[in-house]
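Just below is one structure, and these are the notes that go with it.
We name chains A, B, ... by the order of the sequence lines, and we start the count at 1 in each one.
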Amino acid sequence: QKEVEQNSGPLSVPEGAIASLNCTYSDRGSQSFFWYRQYSGKSPELIMFIYSNGDKEDGRFTAQLNKASQYVSLLIRDSQPSDSATYLCAVESIQGAQKLVFGQGTRLTINP
Amino acid sequence: DVKVTQSSRYLVKRTGEKVFLECVQDMDHENMFWYRQDPGLGLRLIYFSYDVKMKEKGDIPEGYSVSREKKERFSLILESASTNQTSMYLCASSIPGYSYNEQFFGPGTRLTVL
């Protein structure tokens with residue numbers, strides 16, 4: 001089993017709808033969780049990080065963390081075509097502090 | 001703003017060549033990382049460094065080595081390039097404990113080995 005798993009997609013969502021991206025992880029002791037956005041041909045950029053159970057909101061983005069179920073999700077409200085990108089989930093590795101383990105990414109397409 | 005730069009955006013090399021990929025960060029970050037990214041496989045850690053002259057193997061170190069002689073610079077070396085090392089290479093840096101170890105990425109180097 002991979003340490004961090006994401007559905008690779010593609011996930012297609014109409015403009016204005018809510019896009020929901022999910023990620024599961026295997027190390028129960030993981031403490032920090034990150035969502036990066038990567039446009040085609042570009043490098044990843046951080047959207048949000050979360051470390052406490054529950055929801056964390058930043059503008060149109062909401063990260064949700066459930067440590068008991070070992071999943072973290074990202075909701076994008078009022079999706080825009082500019083949100084079309086690959087979204088990478090990253091989890092801080094408990095085996096080596098300060099390392100991140102990345103999922104394979106979910107490709108999201110927002111249809112106008 | 002944190003800036004991480006990489007020496008080349010695109011690089012074409014021949015099998016057997018020795019290849020150097022350079023990464024420089026300007027924010028005095030202790031940690032630096034080298035990843036490769038391949039379709040369907042996500043980012044895989046090759047090597048990382050917690051401090052000058054310190055290095056640790058990541059998940060896929062075979063065929064690679066690294067050098068960190070100065071805090072701001074982290075080099076990835078392909079001793080004898082092979083076609084299966086054709087990939088996107090991403091460098092990242094972080095400060096221990098800052099934003100729970102958020103990593104900042106460079107623009108990437110797309111390496112093609114012929």
Hydrophobic clustering (ILVMFWY, side-chain heavy atoms < 4.5 Å, transitive) - are [Y] and [X] grouped together?
X       : Y        : value
B:Phe48 : A:Phe102 : yes
A:Phe34 : A:Leu75  : no
B:Leu43 : B:Tyr47  : no
B:Phe33 : B:Val66  : no
A:Leu21 : A:Val13  : yes

Exercise for the section: Please check if the side chain of A:Ser43 supplies one atom and the backbone of B:Gly108 the other of a donor-acceptor pair under 3.5 Å. Expected result: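 Looks like no, no N/O pair under 3.5 Å.
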Practice task
Pick out which of B:Phe104, B:Phe105, B:Tyr35 makes a ring pair (Phe, Tyr, Trp, His ring centres under 6.0 Å) with A:Tyr36.
Solution key: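 Only one option passes, and that is B:Phe105.
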Residue part contacting chain A, namely of [X], when any heavy atom lies under 4.5 Å:
X       : result
B:Gln37 : side chain
B:Arg44 : neither
B:Leu90 : side chain

Problem - Heavy atoms of other groups near B:Arg14 CZ, more than 12 under 6.0 Å - result: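 Not buried by this count: 12 neighbours or fewer within 6.0 Å.
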Problem - A:Gln38 portion near chain B, given a 4.5 angstrom heavy-atom threshold - result: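 Looking at A:Gln38, just its side chain touches chain B.
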Problem - A:Lys99 and B:Leu45, any side-chain heavy atoms less than 4.5 Å apart - result: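 Yes, their side chains come closer than 4.5 Å.
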Practice task
Starting at CZ of A:Phe49, measure out to CD of B:Gln103 and round the result to the nearest 0.5 Å.
Solution key: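 Reported to 0.5 Å precision, the distance equals 13.5 Å.
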